[in-house]
Amino acid sequence: MNDWQQLINQINDFRDARGWRQYHNPKDLAVSLSIEAAELLEDFQWLSSEDAVTKNIDNIRDEIADVMIYALMMCDELELDVQEIIEEKIKKNGKKYPEQS
């Protein structure tokens with residue numbers, strides 16, 4: 001079992017212990033991921049990047065975790081291999097955005 005799957009299992013155990021499985025369909029997970037990403041963005045609103053990090057690092061960490069949790073849950077729900085889809089995207093980006101010399 002890889003590290004991603006271990007994290008997904010921990011997340012699923014947490015979810016299942018609270019009876020939340022019924023709410024975790026792809027649409028609702030996508031909505032929740034977007035909301036959490038917006039909450040992360042709020043930590044930077046009206047501040048320089050440096051000030052935001054200095055003032056809000058604890059909440060930034062929490063919001064990044066929330067975004068990652070929903071993304072991992074969505075991968076699990078859609079039976080997507082996290083490492084595989086990231087590696088494929090990096091390859092696509094490499095073709096789309098070639099190295100500069």
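Note that this is a predicted model, so its numbers are computed, not measured. When reading the values below, keep in mind they use all heavy atoms of this one structure, side chains included, and skip hydrogens, waters and symmetry mates.
Hydrophobic cluster of I35: the remaining members, joined at side-chain heavy-atom separations below 4.5 Å, are V31, listed by chain and number. Side-chain contacts under 4.5 Å among hydrophobic residues (ILVMFWY), followed directly or transitively, place Y23 together with F14, W20.
Within the structure, salt bridge (Lys or Arg N to Asp or Glu O under 4.0 Å) pairs that include any residue of residues 11-30 comprise R21-E77 (at least two apart or interchain). Judged as a side-chain hydrogen bond (donor to acceptor under 3.5 Å, both in side chains), the pairs with a partner in residues 41-52 (not counting sequence neighbours) are, in order, D43-N59, S48-D51.
Evaluation of the side-chain contact (heavy atoms from CB on, under 4.5 Å) rule for Q10 yields L7 as partners, not counting sequence neighbours. In this structure, E84 has no side chain to side chain donor-acceptor pair (under 3.5 Å) partners at least two apart in sequence or on a different chain. Residues that satisfy the side-chain contact (heavy atoms from CB on, under 4.5 Å) test with D3, not counting sequence neighbours, are Q6. A search for side chain to side chain donor-acceptor pair (under 3.5 Å) contacts involving N56 returns nothing, not counting sequence neighbours.
Atom CG of D81 sits about 8.0 Å away from atom CD1 of I85, to the nearest 0.5 Å.
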Determine all donor-acceptor pairs shorter than 3.5 Å in which one atom belongs to a side chain in residues 60-74; sequence neighbours excluded.
none

Pair up each side-chain donor or acceptor in residues 92-101 with any protein partner under 3.5 Å, not counting sequence neighbours, and list the distances.
none

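Side-chain heavy atoms closer than 4.5 Å link hydrophobic residues (I, L, V, M, F, W, Y) into clusters, and following such links, even through other members, never connects V53 to L41.
Between T54 and L47, every side-chain heavy-atom pair lies at or beyond the 4.5 Å cut-off.
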